[in-house]
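Before any comments, here is the structure.
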Amino acid sequence: MATPRQLTFLSLLAATALSIAGSTPIRGIQEADAELMYRYVASRNPDFPREIAQAFYDIGELYGIRGDIAICQAIIETGWFRFDNGTAVRPSAHNYCGLGVRKRGEHGCSFRSVREGVTAMIQHLYAYSCREPLPLGEDLLDPRFCYVSRGSASSWEALSGRWAMNSHYGKQIIDIFNKMLSHPYDPLTAETLKKNSEQPMPDEETMLDKSFFE
């Protein structure tokens with residue numbers, strides 16, 4: 001039986017192979033820090049709490065999941081964390097990825113805090129991306145974890161048709177991530193925040209083309 005260290009090494013090798021093949025691994029080293037995540041979302045939503053960006057970074061590090069890309073998936077699911085324009089989830093639920101939403105009109109799962117909500121999302125991505133047990137000491141918070149075929153989607157692109165019906169779902173996530181990486185660290189003035197928040201969301205129409213399976 002392989003040791004946890006050996007399993008981690010094998011996972012990193014698999015992630016490297018995916019990168020070479022042109023896919024973007026769900027697991028790996030984060031390229032964006034919490035400050036860039038916060039500034040990118042806040043440029044479109046001035047009310048975005050920095051606590052959420054920090055949680056995506058910290059919990060992503062704990063699980064070896066790309067939290068910097070996961071927050072871009074959450075941008076799609078929550079409408080830039082505004083929770084409007086047809087999003088199924090509500091701010092008070094701390095559900096950042098539509099967990100439990102299987103058809104229009106359902107509000108899905110609810111969590112008690114930002115950290116619990118982000119952890120549940122990261123655990124769902126963890127279920128898709130590998131077959132390893134949860135990190136030592138971590139409680140299972142994702143109520144849909146057992147419904148995922150473990151290791152069935154190790155890349156963001158592979159979530160298309162699994163996490164969402166939209167065949168371009170994974171590409172949309174990566175497109176947003178690439179825009180975040182090029183986002184400048186400009187001063188967050190009231191004027192720039194207002195200007196950016198009034199811009200239409202990218203891929204606004206296709207963002208709504210979602211149906212959750214697991």
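Basis for what follows: all heavy atoms, side chains included, without hydrogens, waters or symmetry-related copies. Since this is a predicted model, take the numbers as computed values, not measurements.
Salt-bridge check for Glu35 with Arg50: passed, with a basic side-chain N closer than 4.0 Å to an acidic carboxylate O. Lys171 and Asp175 are joined by a salt bridge, as a carboxylate oxygen and a charged side-chain nitrogen come within less than 4.0 angstrom of each other. Between Arg144 and Asp142 no salt bridge is recorded (no basic side-chain N to carboxylate O distance below 4.0 Å). A salt bridge links Arg27 to Glu132: at least one charged side-chain nitrogen sits closer than 4.0 Å to a carboxylate oxygen.
Interatomic distance, CG of Asn166 versus CD of Gln172, reported as 4.5 Å (0.5 Å rounding). Here NE2 of His94 is found 12.0 Å from OG1 of Thr119. Values are rounded to the nearest 0.5 Å. Going from atom CD1 of Ile69 over to atom CD1 of Ile174 covers 4.0 Å, rounded to the nearest 0.5 Å. Rounded to the nearest 0.5 Å, atoms NE2 (His183) and CG (Leu36) are 7.0 Å apart. Taking CD1 of Ile59 as the reference point, atom CD of Glu116 lies at 9.5 Å (rounded to 0.5 Å). For the atom pair CD1 of Ile122 and CG of Leu62, the computed distance is 9.5 Å after rounding to the nearest 0.5 Å.
Between Trp156 and Leu125, some side-chain heavy-atom pair lies under the 4.5 Å cut-off. The closest side-chain heavy-atom distance from Cys97 to Trp163 is below 4.5 Å. Residues Leu99 and Phe111 have side chains in contact (heavy-atom distance under 4.5 Å, counting atoms from C-beta outward). Within the 4.5 Å cutoff, side-chain heavy atoms of Phe145 are placed close to those of Arg150. Proximity of Met37 to Gln30: side-chain heavy atoms (C-beta onward) are separated by under 4.5 Å at one or more points. Side-chain atoms of Leu159 and Gln73, non-hydrogen and from C-beta on, do get closer than 4.5 Å to each other.
In this structure, the side chain of Glu31 does not engage the main chain of Asp68 through any donor-acceptor pair within 3.5 Å. For the pair Ser160 (side chain) and Gly170 (backbone), a donor-acceptor distance under 3.5 Å is present. A donor-acceptor pair is defined here as one N or O able to donate and one able to accept, closer than 3.5 Å; such a pair exists between the side chain of Arg66 and the backbone of Ile29. Asn95 places a side-chain N or O within 3.5 Å of a backbone atom of Cys109 that can act as its donor or acceptor partner. A distance-only check finds no donor-acceptor pair linking the side chain of Ser149 to the backbone of Ser152 [under 3.5 Å].
Contact detail for Arg162 and Ala158: the closest heavy-atom pair is NH1-O, 2.8 Å. Taking all atoms of both residues into account, the shortest heavy-atom contact from Ala74 to Thr78 is O-OG1, 2.7 Å. In plain terms, the two heavy atoms of Ile75 and Ile176 that are nearest each other are CD1-CG2, 4.0 Å. The minimum heavy-atom distance linking Met180 with Cys72 is given by the pair CE-SG, 3.9 Å.
For Tyr38 and Gln54, the side-chain atoms include no donor-acceptor pair closer than 3.5 Å.
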Stepwise side-chain hydrogen bond (donor to acceptor under 3.5 Å, both in side chains) check, Gln123 with Tyr63: CA-CA 8 Å; Gln123 287 180 347; Tyr63 281 81; 2.9 Å; yes

Evaluation steps, salt bridge (charged side-chain N to carboxylate O under 4.0 Å, His left out), between Arg82 and Asp84: CA-CA 5 Å; Arg82 294 173 181 161; Asp84 57 12; 5.1 Å; no

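In terms of hydrophobic clustering, with Ile, Leu, Val, Met, Phe, Trp and Tyr side chains grouped at heavy-atom distances under 4.5 Å, Leu141 and Val114 are assigned to different clusters. Under the 4.5 Å side-chain contact rule for hydrophobic residues, Phe177 and Ile65 share a cluster.
Residues meeting the salt bridge (charged side-chain N to carboxylate O under 4.0 Å, His left out) test with Arg131, sequence neighbours left out: none.
When each of Phe48, Tyr40, Tyr96 is paired with Trp80, the ring pair (Phe, Tyr, Trp, His ring centres under 6.0 Å) condition holds for Tyr40 and for no other.
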